[in-house]
> 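Questions regarding the structure given below will be posed in turn.
Here is the naming used below: chain letters follow the sequence lines, and residue numbers restart at 1 for every chain.
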Amino acid sequence: MPASKLVLIDGNSILYRAFFALPPLTARDGTPTNAVYGFTTMILRLLSDEKPTHLAVAFDKSKTTFRHADFAAYKGTRQETPDELVQQFPLARRTLEALSIPMIEIDQYEADDVIGTIAKRAAESGFDVRVVSGDKDLLQLVDNRIHVLLTRKGITEMEHFDEQAVARRYPGLRPAQVIDLKGLMGDPSDNIPGVPGVGEKTALKLLSAFGSVEGVYHHLDEVQGQKLRERLEQHREDAFLSKRLATIACDAPIDVDLEALRYEGPDPARAIAWFRELDFRSLVDKISEEMSHDSTPPASPAASNGAAADWDAFTYDVIEDAGAWQEAISAFSEPVGVMMDLADPDYHRADIRGMAVATPKRAYYVRFGERLELSDVRPWLVSDRPKVAFDLKSMAFALDAHGIGLTSQCGWHDAKLAAYLLNPQDGDVELDQVFARERGQELPAIKEGEREKWLVYTASQLPPLFESLAYTIRSQEMEQLYQEVELPLAFVLAKMEITGFYVNREKLIAFGQELAERIERITQEIYDLAGTSFNLNSPKQLGEILFDKLGLPAMKKTKTGYSTSADVLEKLAPMHEIVQKILDYRLLAKLQSTYVEGLLKVIRKETGRVHTRFHQTLTATGRLSSSEPNLQNIPIRLEEGRRLRQVFEPTYKDWVIFAADYSQIELRILAHLSGDEALIDAFRRDMDIHTRTAADVFEVPPEQVTSLQRRQAKAVNFGIVYGISDFGLAQNLNIPQKEAKRFIESYFEKFPGVKRYMDEIVKQARERGYVTTLMNRRRYLPDIHSRNYQLRSFAERTAMNTPIQGSAADLIKLAMVRIDRAMRDAQMDARMLLQVHDELIFECPKDELAALEVLVRDNMENAMTLSVPLKVDTAYGPTWYDAK
DNA sequence: AACTTCACG
DNA sequence: ACGTACGTGAAGTTT
């Protein structure tokens with residue numbers, strides 16, 4: 001049994017040291033945080049290095065202490081504490097609260113005295129004691145059980161002093177003599193006088209000869225040097241006063257039970273939430289990481305709130321009949337974690353074997369079979385009893401196959417959605433990553449034969465996980481976004497995935513055959529022109545043919561060789577017949593491999609439909625993405641590709657495909673966010689925005705805008721939304737960079753509000769470390785402070801783009817939730833099929849078309865009230881192609 | 001697994 | 001002097 005180890009920290013001293021040692025640092029609201037940051041990193045370092053069993057931080061309580069009664073000028077030369085530091089003391093206290101570290105302070109005593117008193121008492125009780133400070137005075141406390149750690153240059157580096165180390169630092173000095181040393185030398189920083197003319201060297205010599213201040217004066221006549229003797233004589237009072245002032249009171253009236261200082265580790269959720277508030281991003285990661293590695297007691301992080309149950313000791317009951325099920329659920333009052341036991345990791349083809357239902361207190365595995373069917377648990381699953389899942393959409397999908405339709409009324413929460421809102425830049429994260437990051441908890445690996453136990457254990461941990469996440473969601477004002485948008489949307493998306501989109505397989509195959517013939521023909525033509533056959537799909541081989549064999553000029557290089565991208569080939573097209581054919585080949589090959597073959601692979605035999613997956617927790621901006629197949633990038637720009645849309649048909653004869661898309665949604669949002677008068681005016685007048693932009697930028701009447709000018713203005717508008725650069729615009733328009741620069745300057749002159757907004761949002765990103773959307777969706781931009789130009793510029797463009805792109809995502813998501821609800825209320829048969837960022841696709845019986853049009857338009861246009869109107873265009877037809 | 005290219009908003 | 005447009009997914013080649 002190792003001895004108990006008490007670490008005592010001199011809070012004031014460490015905060016001062018950190019404040020002066022670290023460069024200015026602020027939280028998003030401008031509050032200075034550098035001292036707290038240093039203080040916190042130092043404490044975290046101590047926790048991992050020293051592994052204390054007991055811990056406390058001492059603070060000075062009041063400005064005056066018993067020492068001022070003795071000597072009014074004590075610490076009289078101290079500069080006023082800078083305001084930036086004063087502000088950080090309350091933050092430091094809150095930090096300690098968040099880390100569950102006790103604080104101690106006693107009226108009329110300094111932190112030193114508190115530390116000295118407790119240190120001595122603890123040492124007597126057999127503790128190993130470590131005192132942490134930046135103040136050398138504390139060295140007087142050193143003995144064989146008490147060691148002192150003094151900060152060195154930085155803040156986390158510590159010098160460890162035991163008795164030998166003190167003697168090395170002050171040759172021949174015993175710790176108890178530190179006060180005598182101070183008595184003779186004085187200490188300008190505390191305005192302790194000492195004996196003038198006596199410095200460290202002299203004082204040490206005197207003390208090695210006479211042992212103490214008292215000894216020195218007792219043997220004053222033996223002191224070498226007349227001048228020194230005179231000075232000592234003259235300042236006898238000062239010497240004794242100085243020694244008294246330097247002496248730490250180890251008998252302060254403190255009523256502290258040492259056991260109350262026992263340290264069980266912080267509650268990671270609390271710590272992380274607080275560090276987030278302070279914008280200590282690196283510490284959020286660090287604490288998650290450290291805690292996930294450090295699961296051994298006594299520093300078990302979550303032991304204090306009983307959150308992290310012990311895996312080895314974890315037990316659960318198995319429920320196999322309806323009676324046991326009823327009994328189990330009737331006893332739950334708090335939120336229950338639920339994990340479905342799917343037979344296949346792919347939720348689109350998964351069968352439900354069982355279900356884990358658990359809280360940290362009671363845990364069950366529900367096994368479905370003859371005595372208990374899924375339908376028996378249906379009432380509970382759809383009830384409003386609070387339940388926490390991880391990835392509700394997949395659960396809703398799987399349950400639908402059993403006739404159980406979850407809705408937003410069913411009392412569910414989704415920890416995955418909450419985690420995504422807090423850290424969208426992490427992408428689609430798995431359960432274990434969320435536990436590690438949010439709770440500092442390492443989930444056990446799923447071992448052979450322990451699958452059920454793993455599911456039940458994990459389910460039991462979901463409620464506390466969600467509680468942490470929800471706390472932070474609320475503190476970041478994203479509750480509405482979570483409650484009213486993302487959570488209900490999960491059910492809408494599940495339904496859309498379940499519905500799927502009917503694909504006419506015969507048409508698709510016929511289209512593929514047509515493509516195959518054309519590809520065959522064009523391939524032969526290219527080989528003839530090249531004089532050799534090669535792999536047309538290989539940019540490397542193609543580059544050799546074009547640039548080496550045919551001697552065409554290489555315009556651009558990639559990491560690995562010549563670039564053969566479309567924009568390069570387009571420039572080369574006039575120079576050789578082969579180039580256009582290669583472009584044509586690429587177009588056809590893309591359609592064939594990605595769309596015809598790709599789509600054929602994912603048509604479900606049973607339904608004749610494709611069931612895309614919408615990823616709700618993936619993009620950094622809040623958009624959805626779509627995969628297997630991706631139905632958000634079906635060709636439209638070129639007629640050749642657009643024809644693919646003819647294979648997407650309604651499920652039933654006499655139904656139609658109905659499409660509704662927002663007109664210029666991103667520029668309208670920019671108008672709203674920036675408040676730019678010209679832009680707002682343009683939208684209020686419902687003008688063609690690109691023509692209006694061209695008229696302003698090129699200073700011609702709108703009627704006289706040429707098609708080239710409009711095209712260029714359109715590119716400028718895109719550039720603005722993306723976070724413009726002259727280089728990017730030049731590249732896009734294939735014009736000189738200088739000219740692009742003139743366009744941009746001219747744009748900002750005509751739309752000064754946009755310029756102001758762009759400057760402001762970048763500034764805000766720098767100050768807060770993140771940007772937000774209309775619904776408070778947040779994206780962190782750590783690179784905004786990078787010294788690397790490229791990274792910093794990228795972060796700045798992202799700062800400009802994300803509020804626009806993300807707000808558009810908020811808007812259409814909100815519209816989807818409302819449309820779904822309205823369609824259900826109206827008991828429509830029509831179904832929402834797809835979302836493509838600014839448009840929604842439905843299939844609809846012809847006789848519902850008029851009602852659907854009104855319902856959809858109304859909900860899309862009025863999803864939010866902005867300073868410009870929102871405009872929606874609609875269309876319908878027998879196939880997706882015709883809904884234009 | 002990384003790279004290139006290209007489809008969409 | 002630097003070297004980019006914002007957000008995605010899929011296919012094919014090369015390493």
> What's the CG-C1' distance between A:Leu599 and C:dA11, to the nearest Å?
14 Å
> Using the P atoms only, state how far C:dT4 lies from B:dC3, rounded to an integer number of Å.
14 Å
> Taking only the C1' atom of each, what is the distance from B:dA7 to C:dC2 in whole angstrom?
32 Å
> So what does A:Lys559 hit on the nucleic acid, given a heavy-atom distance under 4.0 Å: a base, only sugar-phosphate, or nothing?
sugar-phosphate
> Under a 3.5 Å cutoff, is there a donor and acceptor pairing between the side chains of A:Thr802 and A:Arg779?
yes
> Under 4.0 Å between any heavy atoms, over every strand shown, what does A:Asn633 touch: base, sugar-phosphate, or nothing? Just pick one.
base
> Is the closest basic N to carboxylate O distance between A:Asp726 and A:Arg742 below 4.0 Å?
no
> Is it true that A:Arg609 and A:Glu843 have a side-chain N and a carboxylate O under 4.0 angstrom from each other?
yes
> Nearest whole angstrom, please: distance from the C1' of C:dC2 to the CD of A:Glu796.
14 Å
> Given B:dC3, is OP1 or OP2 found less than 4.0 Å from the side-chain N or O atoms of A:Thr558?
no
> Can we say A:Asp759 and A:Lys763 salt-bridge, meaning some charged N sits less than 4.0 Å from an Asp/Glu carboxylate O?
no
> Any side-chain N or O of A:Ser538 under 4.0 Å from OP1/OP2 of C:dT14?
yes
> On a whole-Å scale, what distance lies between the P atoms belonging to C:dA5 and B:dT4?
13 Å
> Output yes when A:Lys750 and A:Glu745 qualify as a salt bridge under the 4.0 Å nitrogen-oxygen rule, no when they do not.
no
> Grab the CG-P distance between A:Leu600 and C:dA11 for me, whole Å please.
12 Å
> Can you tell me which nucleotide in C:dA10, C:dG7, B:dT4 comes closest to the side chain of A:Glu628?
C:dA10
> So that I can tick it off, tell me whether A:Glu749 and A:Lys755 are bridged by a salt bridge, with the cut-off set at under 4.0 angstrom between side-chain N and carboxylate O.
no
> Stem list for DNA chain C, please, built from Watson-Crick and G-U wobble pairs under 3.5 Å and keeping only runs of at least 3.
B:1-9 with C:6-14
> Look at all strands and tell whether A:Ala566 reaches a base, only sugar-phosphate, or nothing, counting heavy atoms closer than 4.0 Å.
sugar-phosphate
> Which nucleotide, B:dC6, C:dT15, C:dT8, lies nearest any side-chain atom of A:Lys540?
C:dT15
> Heavy atoms under 4.0 Å, any strand shown: does A:Ala808 hit a base, just sugar-phosphate, or nothing?
nothing
> To the nearest Å, how far apart are A:Leu591 CG and B:dT5 P?
18 Å
> Select base, sugar-phosphate, or nothing to describe what A:Ile665 touches, counting heavy atoms under 4.0 Å on all strands.
nothing
> Answer with base, sugar-phosphate or nothing: what part of the nucleic acid does A:Arg637 contact at a heavy-atom distance below 4.0 Å?
base
> Contact class for A:Leu618 (heavy atom, under 4.0 Å): base, sugar-phosphate, or nothing?
sugar-phosphate
> Are any of A:Ser625's side-chain N or O atoms less than 4.0 Å away from OP1 or OP2 of C:dG9?
yes
> Between the protein and nucleotides 4-6 of chain C, which nitrogen or oxygen pairs are less than 3.5 angstrom apart?
unit_1, atom_1, unit_2, atom_2, d
C:dT4, OP1, A:Gln790, OE1, 2.8
C:dT4, O2, A:Ser725, OG, 3.2
C:dT4, O2, A:Arg797, NH1, 2.7
C:dT4, N3, A:Ser725, OG, 3.2
C:dA5, O3', A:Arg797, NE, 3.2
C:dA5, N6, A:Ala715, O, 3.3
C:dC6, OP1, A:Arg797, NE, 3.0
C:dC6, OP1, A:Arg797, NH2, 3.1
C:dC6, O2, A:Gln805, NE2, 3.3

> Kindly say if A:Ser563 contacts the phosphate of B:dT5, meaning a side-chain N or O under 4.0 Å from OP1 or OP2.
yes
> Among the candidates B:dC6, C:dT8, C:dA11, find the nucleotide nearest to the side-chain atoms of A:Lys601.
C:dA11
> Distance alone, cut at 3.5 Å: any donor-acceptor contact between the side chains of A:Thr879 and A:Glu649?
no
> Hydrogens and angles aside, do A:Thr619 and A:His615 bring a side-chain donor and acceptor to less than 3.5 Å of each other?
no
> Under 3.5 Å, is there a donor-acceptor pair linking the side chains of A:Gln616 and A:Glu486?
yes
> Whole angstroms only, please: what is the CG-P distance between A:Asn535 and B:dT5?
14 Å
> Heavy atoms only, 4.0 Å cut-off, all strands: where does A:Gln541 land among base, sugar-phosphate and nothing?
sugar-phosphate
> Indicate whether the side chain of A:Gln731 and that of A:Gln737 have a donor and an acceptor atom separated by less than 3.5 Å.
no
> Provide, to the nearest angstrom, the distance between the CG atom belonging to A:Asp838 and the C1' atom belonging to C:dT8.
14 Å
> What integer distance in Å separates A:Leu542:CG from C:dT14:P?
11 Å
> For A:Thr560 and B:dT4, is the shortest distance between a side-chain N/O and OP1 or OP2 below 4.0 Å?
yes
> Separation of A:Leu811 atom CG from C:dG7 atom P, in whole Å?
20 Å
> Strictly by modelled atom types, are A:Tyr876 and A:Asp882 linked by a side-chain donor-acceptor pair under 3.5 Å?
no
